[in-house]
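The basis for the numbers below is simple: all heavy atoms, side chains too, and nothing from hydrogens, waters or symmetry mates. Proteins get letters first, then strands, A, B, ... in listed order; numbering begins at 1 in each.
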Number of protein chains: 2
Amino acid sequence: MSLLSFKLNEKLYLRDPQHTQLGQNIIKKSIEMIDKMGFEQFTFKKLAEQIESTEASIYRYFENKHHLLLYLISWYWNWMEYRIELSTSGIKDAAEKLRICLRILAEEKKIDPTFEFVNEAALSRIVISELDKAYLTKDVDDLNKDGLYGGFKSFCKKVAAIAQEVCPSYPFTSSLISSVALIANHQVFFSNHLPSLSSLPKDNPYEKLYEFMESIVFLSLTPSTK
Amino acid sequence: MSLLSFKLNEKLYLRDPQHTQLGQNIIKKSIEMIDKMGFEQFTFKKLAEQIESTEASIYRYFENKHHLLLYLISWYWNWMEYRIELSTSGIKDAAEKLRICLRILAEEKKIDPTFEFVNEAALSRIVISELDKAYLTKDVDDLNKDGLYGGFKSFCKKVAAIAQEVCPSYPFTSSLISSVALIANHQVFFSNHLPSLSSLPKDNPYEKLYEFMESIVFLSLTPSTK
DNA sequence: GCAAATATAATAGCGATACTATCATATTCA
DNA sequence: TGAATATGATAGTATCGCTATTATATTTGC
């Protein structure tokens, strides 16, 4: 069992996967598989084969594969929020806090040994390519009512609060932060696959990505020579 | 037949749907249906019923439903680019041109009578909720090699060229423009369905959306007090 | 105007997907 | 040890994505 685990919205799962061997296998292997083959190609049947279990058993943990994806994404944003809390806890200055948030958003994700059975590097690639699919669905409103987007919303809220502190008069804080959080993902994807849509270097976009995000955010929050 | 039609990449379709009655029905009805039920629920079988044709006949126009979606999205960005050309052709000042582009990106889309059998209002809702699904796929690289993302790329390139003119020294023009183009869509969706992620009013987000986008872009392109 | 080419319709079928249901066998733990 | 619970094994259903075949319209070239 891990030392630390996140308390995720209970509607995300039927049985809590963090607490059993089978559940942990499901999480671990599904991250691997979705990363490799993409969410469309991924099925519970294939997953069952890989972990030497059965489709029916997996369905006892997750209502369907879309809920599993929401679970993983929610886990990811909880993890991101946790990291922001760790890194900003000692800091006083709001602008410095905000810079740390942007750093964390922009940087390449590495495996965090605090959490066994989660490969954060692979998970972050999943979030890059599947986040929008999870959100932009016809049943947003139902899913949202059940709080299934809580992870991302909570993350954005926390960062937005810091941004608000930096510039209380800026009128678009929520939009700015949610936009920048998505941009971080899109631009990594573009730099890699559709380079004409990006100004970031393909081999290592992360440093420039930070500069790009930092400039957007701080120019917006710094009422210059008005 | 329409007076005007766009020359879309030939790999998007098997038979050009703009040139036949059945083809036009496919376009017209698929826009309606995808708008109503979402891309996931939409199938060629259901479409065939609606237009009183057969699944097999539709497969003679489009390889599969993903290609049909790419076709619609490509059409949309061609239309957007065409509108930008119309609206900026007489203008000299680059900054003013760029503002017009942002206006067009941010505004609510209305039906354009120039193009029969395309409901641009519905199509723009499709682009809002399905654009990322079309791009963020495991076979991006193949699709991109065939030029299937040409519409969006060409649109961004055109706007980026104007932005570059406004500020030749800005290092992230491509990233800025592609980001803003996506933001326009996301923020409309968020203001409607996930309002805590947005600062825009739910009932009519468009005016504020423009202000938001304008401020991001022009603050970035205007090296203030450096 | 007629034959040849082509487009569409009608129907069937295949393998895979997303799930549900049932029953048997482990495992846990009171 | 016995009762509850978790998992495995297996089967089944409706739909999806797509292909194939054959028949019937419709267009086009001569």
Measuring from the side chain of [X] (C-beta onward, heavy atoms only), which nucleotide among [options] has the closest atom?
{"X": "A:E55", "options": "C:dA18, C:dA9, D:dA6", "answer": "C:dA18"}
{"X": "A:R60", "options": "D:dG17, D:dA9, C:dA9", "answer": "D:dA9"}
{"X": "A:A56", "options": "D:dA20, D:dA9, C:dA9", "answer": "D:dA9"}
{"X": "A:Y61", "options": "D:dA6, C:dC19, C:dA10", "answer": "D:dA6"}
{"X": "A:L22", "options": "C:dA18, C:dA7, D:dT7", "answer": "D:dT7"}

Can you find a side chain N or O atom of [X] that sits less than 4.0 Å from OP1 or OP2 on [N]?
{"X": "A:S57", "N": "D:dG8", "result": "yes"}
{"X": "A:T54", "N": "D:dA9", "result": "no"}
{"X": "B:K46", "N": "D:dC16", "result": "yes"}

Touch class at under 4.0 angstrom, heavy-atom based, for [X] against every strand present:
{"X": "A:E52", "answer": "sugar-phosphate"}
{"X": "A:F44", "answer": "nothing"}
{"X": "A:K45", "answer": "nothing"}
{"X": "A:F62", "answer": "nothing"}
{"X": "B:R15", "answer": "sugar-phosphate"}

Whole angstrom is fine here: how far is it from [atom1] in [X] over to [atom2] in [N]?
{"X": "B:F42", "N": "D:dT15", "atom1": "CZ", "atom2": "C1'", "value": "16 Å"}
{"X": "B:L69", "N": "D:dG17", "atom1": "CG", "atom2": "C1'", "value": "16 Å"}
{"X": "A:L47", "N": "C:dT17", "atom1": "CG", "atom2": "P", "value": "13 Å"}
{"X": "A:Q41", "N": "D:dG17", "atom1": "CD", "atom2": "P", "value": "12 Å"}
{"X": "B:H19", "N": "C:dT6", "atom1": "NE2", "atom2": "P", "value": "17 Å"}
{"X": "B:L68", "N": "D:dC18", "atom1": "CG", "atom2": "P", "value": "12 Å"}
{"X": "B:E49", "N": "C:dA10", "atom1": "CD", "atom2": "P", "value": "12 Å"}
{"X": "B:Y59", "N": "D:dG17", "atom1": "OH", "atom2": "C1'", "value": "4 Å"}

Could you check whether [Y] and [X] have their ring centres less than 6.0 Å apart?
{"X": "A:Y135", "Y": "A:F152", "value": "yes"}
{"X": "A:F115", "Y": "A:Y82", "value": "yes"}
{"X": "A:Y13", "Y": "A:F62", "value": "no"}
{"X": "B:W75", "Y": "B:F6", "value": "yes"}

| Neighbour count >12 (heavy atoms, 6.0 Å) for atom CD, B:Q41 | no
| said: Could you tell me if A:K65 sits above the aromatic ring of A:F44, with its cationic atom closer than 6.0 Å to the ring centre and no more than 45 degrees from the axis? | reply: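 No, A:K65 and A:F44 do not form such a contact.
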